[in-house]
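Below is one structure, written out as structure tokens; comments come after it.
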Amino acid sequence: MTAAPTRPTLVIPSSLLPVDGRFGSGPSKVRAAQVAALAAAGDPAAPVLGTSHRQPPVKDLVRRVRTGLAELFALPEGYEVALGNGGSSAFWEVAAACLVERRAQHAVFGEFGGKFASATTRAPFLADPQVLSAEPGTVARLERAEDVDVYATPHNETSTGAMAPVRQVQEARADGALLLVDATSGAGALPVDVGGTDVYYFGPQKVFAADGGLWLALCSPAAVERAERVEASAGTATGRWVPEFLSLTTALANSRLDQTLNTPAVATLVLLAEQVEWLLAQGGLAWSSARTAESAGVLYGWADSRDWLTPFVADPAERSTVVATLDLDDAIDASAVVRVLRENGVVDVFPYRKLGRNQLRVGVFPAVEPDDVRALTACVDHVVEHLG
Ligand SMILES: *Cc1c(COP(=O)(O)O)cnc(C)c1O
């Protein structure tokens, strides 16, 4: 027996509703054209879905992803696009196993930065990392240190909606040390000079509007060299154990052949390739950065004009242009607002679960139309006014 559809507690007039009500911070809105490409990839006349990942149709997809990303990020000479299974969470373990030689420094200003720090803390072959933390809603900055060989920071902390200015990130790159940037939610929609980083890594399910499950990493020659050296010590008396699944050199060797170590989700690759090419056709990183900044500007400007709404990130320069977090006055129950929005088809604007704030969090990745963000503000206004 299926439950009868519940009547919304409050009906938002359809004239106010966005065309597309998906505002999640990941997985995020997938465009209809991507889904159409997925259907085409299943066409028996020229099948990609359901065929071997070691043969041209799927290898061609991986090649499109790799060359498209190289173009989107204006990849400097010698940098390589690597990919593997397991998402950004898996890449933290790859980095702990293959890139940190002795000790890492982490900028931690939210859940995701903290998770990478806990990965290097747990690794028995590494010294305890240096953790520079800052309160959620602010940004922790990397600082040069003598005994650190990897510096790590999120570009955009998805759990709080704070972004680290790229300039700050680049200043921390020291001689011989590597700079690893978790750009899972920022890559493809925040300006960046990849040449100022050693590994700029991300997943497909945020800006790239695909499904999760893959990690992608733009690796500098220094990062490749580091992984080769660290992994070469594996098997020696002093060397560490690097499981093949976590081996960056193995991932690179497969990536160079437009493959992955083990079977990837082919549908994710289809969605990802489509989105990379769409971003390029629209005008690349400059276009997507401007579009997301416009959408975020709508939200922050709206918050400024409502006395019951406050941007969670106090410093305007640190307010994310891809994931906006807005605190509601305590008199308004954010979870009730989120529920009514969902009942009306406007979904996933809840705050990060562990942050525990009375907050709305809105993903405004490039797939999201700025006009739909404007519509979202009208919907929230309506709900707050009528919730009673
Ligand atoms: C979503 C996210 C992750 C986790 O990605 P998974 O693919 O689920 O492992 C890591 N870092 C940041 C900044 C994220 O936004």
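Note that ligands are numbered from 1 as they come in the structure, with each ligand's atoms numbered from 1 the same way.
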| request: State, to 0.1 Å, how close Phe23 and Asp372 come at their nearest heavy-atom pair, and which atoms those are. | output: CZ-O, 3.4 Å
| For ligand 1, is Phe91 a contact, meaning one of its heavy atoms is under 4.0 Å away? | no
| request: Would you mind checking which non-hydrogen protein atom is closest to atom 9 (O) of ligand 1, with the distance to 0.1 Å? | output: Ser89 OG, 2.6 Å
| Is Asp182 in polar range of ligand 1, meaning some N or O pair under 3.5 Å apart? | yes
| remark: So for Glu157 against ligand 1, with non-hydrogen atoms under 4.0 Å, the contacting part is neither
| message | Under 3.5 Å between any N/O of Asn156 and any N/O of ligand 1: does that happen in this structure? | response | no
| request: Say whether Gly203 and ligand 1 are in contact under the criterion: heavy-atom distance to a ligand atom below 4.0 Å. | output: no
| Should the proximity of Lys115 to ligand 1, defined as any heavy atom under 4.0 Å, be assigned to the side chain, the backbone, both, or neither? | neither
| message | Checking side-chain polar atoms at under 3.5 Å, does Thr310 have a donor or acceptor matched by the opposite partner on Asp327? | response | no
| field | Identity and separation of the nearest protein heavy atom to atom 4 (C) of ligand 1 | value | Phe112 CE2, 3.7 Å
| said: Please enumerate all residues that pass ring pair (Phe, Tyr, Trp, His ring centres under 6.0 Å) together with Tyr300, with sequence neighbours excluded. | reply: none
| task | Could you list all the salt bridge (charged side-chain N to carboxylate O under 4.0 Å, His left out) pairs where at least one residue sits in residues 117-132, not counting sequence neighbours? | result | Glu93-Arg122
| query | Which atoms of ligand 1 are found less than 4.0 Å from any heavy atom of Ser185? | reply | 15 (O)
| What distance separates Gln259 CD from Asn254 CG, expressed to the nearest 0.5 Å? | 6.5 Å
| remark: ligand 1 to Trp92, heavy atom cutoff 4.0 Å, flagged ligand atoms 10 (C), 11 (N)
| query | Is there a donor in the side chain of His106 and an acceptor in the side chain of Tyr151, or the other way round, less than 3.5 Å apart? | reply | no
| query | Are any of the side-chain nitrogens in Arg306 or Asp381 under 4.0 Å away from the carboxylate oxygens of its partner? | reply | yes
| field | Contact with ligand 1 for Gln205, non-hydrogen, under 4.0 angstrom | value | yes
| said: Heavy atoms only, cut-off 4.0 Å: how does Tyr352 contact ligand 1, side chain, backbone, both, or neither? | reply: neither
| note | For atom 15 (O) of ligand 1, the closest protein heavy atom turns out to be Thr158 OG1, 2.3 Å
| task | Decide yes or no for Leu326 and Trp302: does some side-chain heavy atom of the first lie under 4.5 Å from some side-chain heavy atom of the second? | result | yes
| request: Measure from NZ or CZ of Lys206 to the centre of the six-membered ring of Phe112, then state whether that distance is under 6.0 Å and the direction lies within 45° of the axis. | output: yes
| Is there a donor in the side chain of Ser247 and an acceptor in the side chain of Glu231, or the other way round, less than 3.5 Å apart? | yes
| So which protein heavy atom does atom 1 (C) of ligand 1 come closest to, and at what separation? | Lys206 NZ, 1.4 Å
| query | Is it the side chain (CB and beyond), the backbone, both or neither of Pro154 that lies under 4.0 Å from ligand 1, heavy atoms counted? | reply | neither
